[in-house]
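Everything on this sheet refers to the single structure shown next.
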Amino acid sequence: MKLSHKMKNISAVLLSTLFLTACGGGGSGDSSGVVEQSATKTFYSYEVQADVDVTHLNQKKYHIDQMNHLSIHYSEKPLYQTEAIRNFLIEDAISTISPPQKADGSYWIGENSSFNDTTLAYQPSNLASSHPLKFTYQLKKIGLSGFYMTDYVKYLLRQAKSTPNVSDATLQHLHRLIDSGNTATFKSDAVCWQKLAVLSNQDYMDFNPNSLSHYSGTVVNQGVWNNIPWKQYEPFIADPTKYATFSYENRDYGAIYHTQNETLVMTADGSLQCDFLNESALNSINKTFDL
C-alpha cells in the first residue's frame, strides 16, 4: 500500500507538470499562487560519462522548485552512474522504479529538498518507506574570482581518471583543453561548491536497475533487508568502493553499499575541487571551452 501511495504522488506531480506546460505555466494575471523564480534554487555541474566514446561531458542543471522537488536536466541522455538511473535498497524498502522523467525532459530525483552554501539535502523520489532515506551533502562554498578555468578542467580530469571504463577520447579531450595555454579566469561573481561529505539517516545501497551482478571476492558483511539477501565485499586496494550484490525477483544485482557518514576524498595538494557551479561560472566555462 505504501508503494501504491507513492506511485499516486508521482503520477500527480507528472500530471501537474504536464498541465502547467500545456497552459504555459500561468501568465502575469494568474492568481494560482505560483512562486516567483527568485524563490527557487538552480545550480549546475558537468559529469564524466563512462563507457561512452565521446569528447564532451554531460552538463547537468539542478533545480529545486516551489514544491521543494529536486530535478536534474541533462544535456545528453544519462546512461550509467548518475542520479537519474539510481535505485535504492534499505532495510524496509527497495526502489521498483527509477526517478520519473517530467514533461520538460528533466528527472525528478528528490523531494523535501533544500540547498544553501553549506548543504544540499533531499529524500529520493523513487523510494517509498515508513522510514524515508534522507541525504545531506555537506558543502564548502568557493569564490572562483581569479582562478584559471583550466583549474576546473583539471578537476574534471581527476574525476575522469577515477571513473571506471571512461573512454580514451574523453581523457584526451580534457588533456587538450588543459594544454591549450588558455589563461582565462573566472569572473568576480563566479562561485562553486565542493562536496565534503555525504550523510544519511541509515545505511543503504544504490544500484542501476539495468546492471546485473558482476562483483565477487571476500564477503565482509551480509544480511537481509526487506526480505532481500545481500552481500558486501572487501574493497580493492586501489578502489575503496564498497561493492555489494543482492538477489531480487530471480535476478542478481550489483550495488554499492553506503554507510551513514562518508567523507569524500580531498586532493592532497589543495587544488580546486568544484562539484556544483553557479550560473556565472557555468557561462564562463561554456564560452571558453567546448566541454
Side-chain angles (χ1 to χ4, degrees), residues 2 45 47-48 50 62 70 72 80-96 98-99 109-116 118-140 158-159 161-165 193-209 211-248 252-268 273 275-276:
K2 294 172 187 173
S45 74
E47 185 169 76
V48 175
Y62 295 79
L70 174 61
I72 302 178
Y80 293 102
Q81 294 178 343
T82 187
E83 296 99 326
I85 311 174
R86 193 182 188 201
N87 285 20
F88 301 93
L89 172 63
I90 58 176
E91 189 170 354
D92 71 343
I94 186 172
S95 300
T96 57
S98 293
I109 69 160
E111 55 191 9
N112 297 320
S113 309
S114 64
F115 175 78
N116 56 47
T118 59
T119 59
L120 167 64
Y122 66 94
Q123 297 173 205
S125 64
N126 61 325
L127 181 64
S129 169
S130 58
H131 183 42
L133 177 61
K134 300 177 183 180
F135 297 123
T136 300
Y137 290 83
Q138 294 184 333
L139 307 176
K140 175 185 176 182
R158 291 197 298 272
Q159 286 185 310
K161 288 180 176 179
S162 64
T163 300
N165 303 319
W193 295 266
Q194 175 187 349
K195 295 178 185 175
L196 300 176
V198 185
L199 310 181
S200 61
N201 63 336
Q202 57 189 296
D203 287 6
Y204 66 96
M205 297 183 207
D206 65 34
F207 64 98
N208 183 331
S211 176
L212 299 182
S213 170
H214 59 275
Y215 306 127
S216 61
T218 303
V219 176
V220 295
N221 193 11
Q222 58 186 319
V224 178
W225 287 353
N226 197 46
N227 296 319
I228 299 170
W230 56 265
K231 296 178 181 179
Q232 179 200 332
Y233 300 93
E234 184 176 16
F236 299 106
I237 296 177
D239 183 2
T241 304
K242 299 182 178 72
Y243 293 110
T245 58
F246 66 88
S247 299
Y248 178 65
D252 293 328
Y253 291 89
I256 297 176
Y257 190 101
H258 297 271
T259 56
Q260 296 180 41
N261 189 340
E262 296 184 332
T263 301
L264 302 180
V265 177
M266 308 298 165
T267 55
Q273 293 182 251
D275 297 296
F276 301 124

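No experiment lies behind these values; they were computed from the predicted model shown. If you read the sequence from its start, that first residue is 1, and numbering goes on from there.
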Where is the tightest heavy-atom contact between [X] and [Y], given as atom of each residue plus distance?
{"X": "D275", "Y": "K195", "answer": "OD2-N, 2.7 Å"}
{"X": "D92", "Y": "N226", "answer": "O-OD1, 3.2 Å"}
{"X": "P124", "Y": "E111", "answer": "O-OE2, 4.1 Å"}
{"X": "R86", "Y": "N126", "answer": "O-ND2, 3.2 Å"}
{"X": "A93", "Y": "A128", "answer": "CB-O, 3.2 Å"}
{"X": "M205", "Y": "A244", "answer": "SD-CB, 4.0 Å"}

Atom pair [atom1] ([X]) and [atom2] ([Y]), whose distance is rounded to the nearest 0.5 Å:
{"X": "D206", "Y": "S95", "atom1": "CG", "atom2": "OG", "result": "9.5 Å"}
{"X": "H258", "Y": "F88", "atom1": "NE2", "atom2": "CZ", "result": "8.0 Å"}
{"X": "T119", "Y": "L196", "atom1": "OG1", "atom2": "CG", "result": "11.5 Å"}
{"X": "E262", "Y": "L199", "atom1": "CD", "atom2": "CG", "result": "9.5 Å"}
{"X": "K242", "Y": "Q232", "atom1": "NZ", "atom2": "CD", "result": "7.0 Å"}
{"X": "N208", "Y": "I85", "atom1": "CG", "atom2": "CD1", "result": "5.5 Å"}

Judged by modelled atom types alone, do T245 and D252 share a side-chain donor-acceptor pair under 3.5 Å?
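No, no side-chain donor-acceptor contact under 3.5 Å.
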
So, Y122 versus E83: side-chain donor-acceptor pair below 3.5 Å or not?
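Result is no, nothing qualifies.
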
Please step through side chain to side chain contact (heavy atoms under 4.5 Å, CB included) for the pair L89 and Y253, ending with a clear verdict.
CA-CA 11 Å; L89 172 63; Y253 291 89; over 6 Å; no

Please answer whether the main-chain N or O of E234 pairs with a side-chain N or O of T218 as donor and acceptor at a distance below 3.5 Å.
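Judged by distance alone, no pair lies under 3.5 Å.
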
Keeping the roles fixed (side chain from N87, backbone from P209), state whether a donor-acceptor pair exists under 3.5 Å.
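Side chain of N87 to backbone of P209: no pair is present.
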
Neighbour count >12 (heavy atoms, 6.0 Å) for atom CD, E91:
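No, not enclosed.
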
Please check if atom NZ in K140 has more than 12 non-hydrogen atoms from other residues, nucleotides or ligands closer than 6.0 Å.
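Counting other residues, nucleotides and ligands, NZ of K140 stays at 12 neighbours or fewer.
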
Can you tell if the side chain of [X] reaches within under 4.5 Å of the side chain of [Y], non-hydrogen atoms only?
{"X": "Y62", "Y": "F115", "result": "no"}
{"X": "L139", "Y": "T118", "result": "no"}
{"X": "T82", "Y": "E47", "result": "yes"}

Please evaluate residues N201 and H131 with respect to the criterion side chain to side chain contact (heavy atoms under 4.5 Å, CB included), reporting the C-alpha separation (whole Å), side-chain torsions for both, the decisive distance (0.1 Å), and the verdict.
CA-CA 9 Å; N201 63 336; H131 183 42; 3.8 Å; yes

Hey, can you tell me if Y204 and F135 have their rings parallel, tilted or perpendicular (30° and 60° cut-offs)?
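Answer is perpendicular, since the angle exceeds 60°.
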
Could you check W230, F207, Y257, Y233 and say which one makes a ring-ring contact (aromatic ring centres under 6.0 Å, His included) with F246?
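That would be F207.
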
Side chain to side chain contact (heavy atoms under 4.5 Å, CB included) for L133 and S200? Distances and angles first, verdict last.
CA-CA 7 Å; L133 177 61; S200 61; 4.3 Å; yes

Side chain to side chain contact (heavy atoms under 4.5 Å, CB included), that's the test. Do Q260 and D203 meet it? Break it down for me.
CA-CA 5 Å; Q260 296 180 41; D203 287 6; 3.3 Å; yes

